[in-house]
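Read through the structure below, which is laid out as structure tokens, and then see the notes.
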Number of protein chains: 2
Amino acid sequence: MKIKKKEVEQRMKYFETVCHDKGIKLTHQRMEIFREIAQTEDHPDADRVFQRVRGRIPTVSLDTVYRTLWLLKDLGLVVTLSSSRERTRFDANLQTHHHFVCEQCGFTRDFFSDDLDTIRLPDSVGSLGEIKATHVEVRGICRKCAENRKHIGPNALYP
Amino acid sequence: MKIKKKEVEQRMKYFETVCHDKGIKLTHQRMEIFREIAQTEDHPDADRVFQRVRGRIPTVSLDTVYRTLWLLKDLGLVVTLSSSRERTRFDANLQTHHHFVCEQCGFTRDFFSDDLDTIRLPDSVGSLGEIKATHVEVRGICRKCAENRKHIGPNALYP
DNA sequence: TTTAATGCAAAAGATTTGCAACATG
DNA sequence: CATGTTGCAAATCTTTTGCATTAAA
């Protein structure tokens, strides 16, 4: 599904502003890679972005796509589905439950809530398909990572 | 964090029952791999399971761990965090929103809900760390996949 | 004894890195 | 023009597969 042209233009403008403010060069590749994500609602992965951008810049390389994607994430211009650069993780707890995940170190802990288990979803969701399960993912910074940051100072990128 | 011994025993019992009922052989490796996930709350990935099981079965191989993990998932004995065997996917929508994900094909669509954006989390969550974002992941089967299943019949494993 | 499961080694996939050439500001 | 960015090729990491051997039922 396509995002409205006007919205895409706004996203591009914002992208350009952020890059300019942070002294990040606005290359042809970066613009097309960002545009690709900005103009679709289907949340492509790196390879899909690569395939599509290649249609417009035939010489673009996959590693540039990867580098740009993580850059965009660091700049806060895109978000990732499924927390981070993580491998698949397994859980033997079959009760309905939810997760807190640390964005920094991947620390994950279950939590339980009857309220959350019974949340009502908008009707529009039901029309997308048959719903099997609903669960809540809370992303944050765990205590240990917060503690480390304090010691190192607020500007440390990787504690 | 460790799961209570009694709970682990129950999970093991259930695992053994399911394997027996489905005619799946109860090998030493499978038992230790399942036990590893059943006895911890930290949701290990394949390699972490491998490292830990290796402490007890030094000759176990990583590919057996992978095969067993996916088998356990097919049997419904474990669940995976972050939907499926997917690569990281990117999203330029910075508004708070939620996702419907098809378990079969990975089809993903945003949805919005003021109710969900303001859900109240149990206090226990706050004690795990600083909360940055909360979002709801709905897993299901999209209409297209449901349609395909119908044509092929209810027993088709992979339409 | 029969059949499925394992371990090995190798293949296939995905992502990252070093470096010379190049483009942006 | 200076520096950051790209593309390439190669390295690295993760996951899967084919096949002979082994073990469960």
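To find a chain, count down the sequence lines: A is the first, B the second, and so on, and within it residues start at 1. A quick note: this is a predicted structure, and the numbers were derived from the prediction, not measured.
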Please confirm whether the backbone N or O of A:Glu36 pairs with a side-chain atom of A:Thr40, one donor and one acceptor, at under 3.5 Å?
no
Would you kindly give the [atom1]-to-[atom2] distance between [X] and [N], to the nearest whole Å?
X: B:Phe50; N: C:dG7; atom1: CZ; atom2: C1'; value: 11 Å
X: B:Asp47; N: D:dC13; atom1: CG; atom2: P; value: 11 Å
X: B:Leu62; N: C:dA12; atom1: CG; atom2: P; value: 18 Å
X: A:Asp74; N: C:dT16; atom1: CG; atom2: P; value: 12 Å
X: A:Trp70; N: C:dA14; atom1: CH2; atom2: C1'; value: 12 Å
X: B:Glu32; N: C:dG7; atom1: CD; atom2: P; value: 12 Å
X: A:Arg87; N: D:dT16; atom1: CZ; atom2: P; value: 12 Å
X: A:Leu71; N: D:dT6; atom1: CG; atom2: P; value: 9 Å

Nucleotide by nucleotide, nucleotides 17-25 of chain C touches protein heavy atoms under 4.0 Å in the pattern (B base, S sugar-phosphate only, - none) BB-----BS
_When you measure from the side-chain N and O atoms of B:Ser61 to the phosphate of C:dT6, is any distance below 4.0 Å, counting only OP1 and OP2?_
no
- Item | B:Gln29 vs C:dG7: side-chain N/O to OP1/OP2 distance below 4.0 Å | yes
Separation between NE2 (B:His43) and CG (A:Asp91), nearest 0.5 Å, reads 4.5 Å
Between B:His98 and B:Phe111, how do the two ring planes meet: parallel, tilted or perpendicular, split at 30° and 60°? tilted
Could you check whether [X] pairs with [Y] (Lys NZ or Arg NE/NH1/NH2 to Asp/Glu carboxylate O, under 4.0 Å)?
X: A:Glu7; Y: A:Lys4; answer: no
X: A:Asp42; Y: A:Arg52; answer: yes
X: B:Arg30; Y: B:Glu32; answer: no

